[in-house]
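Quick caveat: nothing in here was measured; it's all calculated off a predicted structure.
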Amino acid sequence: MKLTRQERAALRASFQEMGPADKAGYIWEYYKLPIALGLLALAFVCSTVYRQATQKEVLVYSALINVSAGDTLASQLNEGFLSAEGADPKKAEVSLFQGLYLSENPSPENHQYGYASRLKLMAAIEAKQLDVVLMNKEAYDIYSRNGYLLDFDSLLSENEALYRFLKPNLTVNTVVLEDNAIEYALNEASQYQAVTEEAMNGLDVSAFPMFQSAGFSEPVYLGVIANSPRLSAVIQYIEYLSDGRSMEKSEVD
């Protein structure tokens with residue numbers, strides 16, 4: 001109901017005569033919904049501004065698959081790279097997924113664990129939030145066979161010095177271009193057939209100082225995810241992990 005001019009004037013006069021507590025109660029009684037909505041909007045704005053101000057830039061997304069890193073190596077894979085790059089750890093980070101497991105034939109007790117890891121990795125690849133994987137031979141074979149890894153010839157085509165430095169440790173593996181795996185699994189084909197090619201898509205990092213000191217008993221391989229949008233940062237990360245920058249300094253000297 002719309003108030004007349006006289007009624008509005010009477011309400012203003014009555015409001016002015018109220019004490020502070022009565023005024024607060026009056027305002028809350030008649031305007032609590034707009035006030036609540038305004039507070040919610042203010043909280044949302046403040047939360048958004050805070051997240052944007054404190055959110056770190058991820059320089060590289062990396063993952064350890066079927067291998068585990070101690071505290072020292074984990075720190076080198078993250079904070080060590082930031083320090084080498086001169087990046088502010090308050091504003092940048094290396095995202096490191098740990099505790100992931102892949103196997104074509106997981107044991108019964110590891111089946112659910114392996115399935116969850118596979119889903120997590122696939123989601124990260126699909127979202128382009130996985131750049132570098134450090135893995136054992138089994139995981140390397142799986143990722144190579146499925147075509148997830150970038151060929152190092154392509155990755156290092158414009159960095160001849162680093163390519164020469166890494167070449168003794170580059171590894172070749174099989175990539176399946178097409179196969180009849182589904183038909184074979186459904187018993188619609190009598191034997192498995194595949195068209196394959198060989199690709200230089202892995203780097204054996206076991207001999208590099210950082211990994212030697214970590215005490216791995218088996219070779220550890222580095223692969224680069226083929227759809228990574230951060231290849232410049234990936235190359236810098238590989239230089240750091242392989243101590244390739246020492247190589248570049250020695251060449252200059």
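Of the possible polar contacts, none joining the Asn180 side chain to the Glu183 backbone as a donor-acceptor pair under 3.5 Å is found. A donor-acceptor pair under 3.5 Å is absent between the side-chain atoms of Ser75 and the main chain of Thr72, judged by distance alone.
When all heavy atoms of Ala87 and Ala92 are compared, the closest pair comes out as CB-CB, 4.2 Å. Pairing each heavy atom of Ser206 with each of Gln212, the nearest pair is O-CG, 3.2 Å. The minimum heavy-atom distance linking Met135 with Ala139 is given by the pair CB-CB, 3.6 Å.
Leu130 CG to Ser95 OG: the interatomic distance, rounded to the nearest 0.5 Å, is 8.5 Å. The CD atom of Gln112 lies 10.5 Å from the OG atom of Ser117; values are rounded to the nearest 0.5 Å. Note that the CD atom of Glu85 and the OH atom of Tyr240 stand 10.0 Å from one another [nearest 0.5 Å]. Taken from NZ in Lys167 to CZ in Phe152, the straight-line distance is 14.0 Å, to the nearest 0.5 Å. Note that CD of Glu197 is 9.5 Å distant from OG1 of Thr174, once rounded to the nearest 0.5 Å.
Annotation: side chain of Leu149 is in contact with side chain of Tyr143 (closest heavy-atom distance under 4.5 Å). Between Leu150 and Leu231 there is a side-chain heavy-atom pair separated by less than 4.5 Å. Under the 4.5 Å side-chain criterion, counting only non-hydrogen atoms from C-beta, Leu102 is in contact with Arg118. Between Leu134 and Ser62, the closest side-chain pair of non-hydrogen atoms is not below 4.5 Å. Glu239 is not listed as a side-chain neighbour of Phe165, based on a closest heavy-atom distance of 4.5 Å or more. Tyr237 has its side chain out of reach of Leu222: every pair of non-hydrogen atoms, C-beta onward, lies at least 4.5 Å apart. In this structure the side chain of Ile238 reaches within 4.5 angstrom of the side chain of Val224, judged on heavy atoms. A 4.5 Å side-chain heavy-atom check between Lys56 and Val58 finds every atom pair outside the cut-off.
For residues 120-139, the pairs satisfying salt bridge (Lys or Arg N to Asp or Glu O under 4.0 Å) are Asp131-Arg230, Lys137-Asp141, with sequence neighbours left out. Within the structure, salt bridge (Lys or Arg N to Asp or Glu O under 4.0 Å) contacts touching residues 91-111 (residues at least two apart or in different chains) are Glu104-Arg145.
Taken together through direct or relayed side-chain contacts under 4.5 Å among Ile, Leu, Val, Met, Phe, Trp and Tyr, Val133 and Val234 form parts of separate hydrophobic clusters. Following chains of ILVMFWY side-chain contacts shorter than 4.5 Å, one can reach Phe81 starting from Leu96, so the two form part of one hydrophobic cluster. One hydrophobic cluster, built from ILVMFWY side chains closer than 4.5 Å, cannot hold both Ile142 and Val172; they sit in different ones. In the hydrophobic clustering of this structure, Leu166 groups with Val220; members are Ile, Leu, Val, Met, Phe, Trp, Tyr whose side-chain heavy atoms approach within less than 4.5 Å, directly or through other members. Clustering ILVMFWY residues whenever any of their side-chain heavy atoms sit less than 4.5 angstrom apart, transitively, puts Tyr148 in a cluster other than the one holding Val175.
Under the side chain to side chain donor-acceptor pair (under 3.5 Å) criterion, Asp179 pairs with Tyr192, not counting sequence neighbours. Checked against side chain to side chain donor-acceptor pair (under 3.5 Å), Tyr140 has the following partners two or more places apart in sequence or in another chain: Thr171, Asn201. For Tyr113, the ring pair (Phe, Tyr, Trp, His ring centres under 6.0 Å) criterion is met by Tyr101, not counting sequence neighbours. Remark: Asn66 engages Asn136 in a side chain to side chain donor-acceptor pair (under 3.5 Å) (not counting sequence neighbours).
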(request) Check the pair Leu241 / Phe211 against side-chain contact (heavy atoms from CB on, under 4.5 Å), numbers first and verdict last. (result) CA-CA 9 Å; Leu241 297 181; Phe211 296 91; 4.2 Å; yes

(request) May I have the step-by-step check of side-chain contact (heavy atoms from CB on, under 4.5 Å) for Val67 and Tyr221, ending in yes or no? (result) CA-CA 10 Å; Val67 295; Tyr221 299 90; over 6 Å; no

(message) Between Ile125 and Asn227, is the side-chain contact (heavy atoms from CB on, under 4.5 Å) condition met? List the steps.
(response) CA-CA 8 Å; Ile125 292 173; Asn227 71 344; 3.9 Å; yes

(request) Could you check Leu121 against Ile65 for side-chain contact (heavy atoms from CB on, under 4.5 Å), going step by step and ending with a plain yes or no? (result) CA-CA 10 Å; Leu121 288 164; Ile65 309 176; 3.9 Å; yes

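Between Phe97 and Tyr61, the angle of the ring planes stays under 30°, which puts this pair in the parallel group of the 30/60° scheme.
Annotation for Asp88: atom CG counts as buried by contact number, over 12 foreign heavy atoms lying within 6.0 Å. Heavy atoms from other residues, nucleotides or ligands lying under 6.0 Å from CD of Glu79 number more than 12. More than 12 heavy atoms of other residues, nucleotides or ligands shown are found within 6.0 angstrom of CD on Glu188.
Inspection of the Asp151 and Ser154 side chains reveals no N or O donor paired with an N or O acceptor under 3.5 Å.
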